[in-house]
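Working notes for the structure below.
All chains are named by letter (A, B, ...) in the order of the sequence lines, taking the proteins before the strands, and each is independently numbered beginning at 1. The structure presented is a predicted model; accordingly, all values stated were derived computationally and were not measured.
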Number of protein chains: 2
Amino acid sequence: MRDENPVGCRVCGAPLATAVRGRPPVYCSRGCQAKAYRRRAGARGRAAAPPAATEPTAPRTEGGSRRQQIAEAVWRIAAERGLEAASMREVAAAAGVSLRVVQYHFGSKHGLLVAALHLLHEENERRARARMARLADPADLRAVLGAVLGEFLPLDEQRRRALRVFVAYYVRSLNDPALAEVFLHDAQPVERLVAGLIRQACAAGGGPAPGLDPEREADLLVSGVTGLGMDVLHGRRTLADVRTTLDYHLDRILPAR
Amino acid sequence: MRDENPVGCRVCGAPLATAVRGRPPVYCSRGCQAKAYRRRAGARGRAAAPPAATEPTAPRTEGGSRRQQIAEAVWRIAAERGLEAASMREVAAAAGVSLRVVQYHFGSKHGLLVAALHLLHEENERRARARMARLADPADLRAVLGAVLGEFLPLDEQRRRALRVFVAYYVRSLNDPALAEVFLHDAQPVERLVAGLIRQACAAGGGPAPGLDPEREADLLVSGVTGLGMDVLHGRRTLADVRTTLDYHLDRILPAR
DNA sequence: GCATCATTGATACAGTCGTATCAAGCAACC
DNA sequence: GGTTGCTTGATACGACTGTATCAATGATGC
């Protein structure tokens, strides 16, 4: 409901332009606006005493950059209610910013989704590295292997949410080339890592099992653990069941000590 | 744009009720409408000669029931552009029916999605059975096993589309209990089937491999082949690569003949 | 001729969506 | 003081969504 009888400029009282779209004008010119601003700034300066220790980038440090903050809202919504619930307005509200801010920092919804996926990959890798660094015995190759594969299972709320967001994005990427490119470009070959670990463990253990192909074992392990994780999300399997299956296969592949 | 000056009843010319919503009235009463209908029916009867051989359920037989026809439209859209593109109007257009027909047969959009998923499961099982029946040598247990697992790979356009629809529904089911229930209820335990085949093949072959657990092998095989199929959809793997991996594991599990 | 049934046609409504537009806020430079 | 640039607030627009409403269609039975 636009004000039907507009008053004049707040500073000089001159009549205002009657823009029918966008924010209603309050000043007659840029100069009057600047004048009003300087008045406010002066009042603040006198009231707030000396400038004191002003934190210059306060909001930046208390939760990452603005983009990061908004991207996290996307993940949160996608994990809780699915990507189709992540509208611009919902994301803005969840991030505690206005719709305009989301528009400004990401340009379009598509830009937002792509950027959020990009940041998600980085975030997940950061967290994975942190968990790997916290391993009890980094020389225990079987434990390392288990930890790598465990990154794809909903073992805690963090990974559970990450997996939900991941599959939501995966499905969308099937019909969105830009998202698919982020997936294919960012995802490093975990299979290579797993195959290397298997090879190392075989060399360290008794000997290379006859006829065992680390690459093929890694391929099925990685894709299998992803599928098993999805089943857990779905409620089709229990985490304990998956653990048992995984232990069986690790026992099978790795040489007994 | 509603007609501003309504004319009278088509039959008796009496003034019409001025309903502001819904379809505009043309007759003043139900009786006048019936009268008009009988006139048309009489004209048709005289023009079309004897009643001839009227196909009573003609539209039913030329492509399944109405519900089936609409559900197929849902699958088509979901496979090509994702489930979020499957609006009521899009589905109706793709099925060649009116929006109202979709509303009538499924009640709500949610009802449509649930029913379409239900019918999809039936359809996929039908097709899988048909392909299994066409196997060259049904006694070749390894071939049977490969065919069962192959149902989850995008080996042709049909299965490719089925897989795309499947994952789209899977993701949505994570936030939709009704869909999740359809998934959990309809999906029969393929793992059991695979485990049974492995056991049979072991018994028929040389002997049961030492320390081999058919259940655990089946678990990783089924979830793994699903994940590999998703990678193929994504373009992260080639079908040939998946075939090689699968052959390796079948060789590993099944006793050499 | 009339009532009734399941089905379909023709709208209408209230809301949400992504996006666009214009102006204010704030700070720096001239 | 005036201008410029980046950021944000306050709307507005048009398209689309799911759903609801009322009537017509075609057929059957009384």
Starting from the 5' end of DNA chain D, give me the residue, Leu99(A) or His110(B), whose nearest nucleotide shows up first.
-> Leu99(A)

Can you find a side chain N or O atom of His105(B) that sits less than 4.0 Å from OP1 or OP2 on dT8(C)?
-> yes

Would you mind reading off the distance between Gln33(B) atom CD and dG9(C) atom C1', rounded to a whole angstrom?
-> 12 Å

Does a donor on one side chain and an acceptor on the other come within less than 3.5 Å for Arg38(B) and Gln33(B)?
-> no

Test item: Tyr169(A) side-chain N/O and Leu113(A) main-chain N/O as donor-acceptor pair under 3.5 Å = yes

Euclidean distance, atom CZ of residue Arg89(B) to atom P of dG18(D) [Å, nearest integer] = 7 Å

Please evaluate the base of dT19(D) for a donor-acceptor partner in the side chain of Arg100(B) within a cut-off of under 3.5 Å?
-> no

Can we say Glu72(A) and Arg76(A) salt-bridge, meaning some charged N sits less than 4.0 Å from an Asp/Glu carboxylate O?
-> no

Donor-acceptor pair (no angle test) under 3.5 Å: Arg30(B) side chain, dT4(C) base = yes

Take atom CZ of Arg81(A) and atom C1' of dT16(C), then tell me their distance rounded to the nearest Å.
-> 13 Å

By nearest-nucleotide position on DNA chain D, the 5'-leaning member of Gly107(B) and Ala36(B) is Gly107(B)

Value in whole Å for how far the C1' atom of dC17(C) lies from CG of Leu112(A) | 14 Å

Take atom CD of Glu84(A) and atom C1' of dT16(C), then tell me their distance rounded to the nearest Å.
-> 14 Å

Identify, between Gly31(B) and Ser98(B), the residue whose nearest nucleotide on DNA chain C lies closer to the 5' end.
-> Gly31(B)

Respond yes when some side-chain nitrogen or oxygen of Arg66(B) is under 4.0 Å from OP1 or OP2 of dT8(C), and no when none is.
-> yes

Whole angstrom is fine here: how far is it from CZ in Phe106(B) over to P in dT7(C)?
-> 12 Å

State yes or no: are the ring centers of Phe183(B) and Phe166(B) separated by less than 6.0 Å?
-> yes

Verify the neighbour count for atom CZ of Arg192(B): are there more than 12 heavy atoms of other residues, nucleotides or ligands below 6.0 Å?
-> no

Would you call Arg164(B) and Glu80(B) a salt bridge, taking side-chain N to carboxylate O under 4.0 Å as the test?
-> no

How many Å lie between CG on Leu83(B) and P on dG18(D), as a whole number?
-> 12 Å

Taking dA12(D), dA27(D), dG25(C) as options, the one with an atom nearest any side-chain atom of Tyr37(B) is dA27(D)

Mapping Arg10(A) and Gln103(A) onto DNA chain C by nearest heavy atom, which one lands closer to the 5' end?
-> Gln103(A)

Phosphate contact (dG9(C) OP1 or OP2) by Tyr104(B) side-chain N/O below 4.0 Å = no

Proximity to the side chain of Glu90(A) - top-ranked nucleotide from dC17(C), dG1(C), dG18(C) | dC17(C)

OH of Tyr27(B) versus P of dA10(C): gap in Å, rounded?
-> 13 Å

Which part of the nucleic acid, if any, lies within reach of Val26(B) when heavy atoms closer than 4.0 Å are counted: base, sugar-phosphate only, or nothing?
-> sugar-phosphate

Report the nucleotide, chosen from dG18(C), dT21(C), dT3(D), that has the shortest atom-to-atom distance to any side-chain atom of Lys109(A).
-> dG18(C)

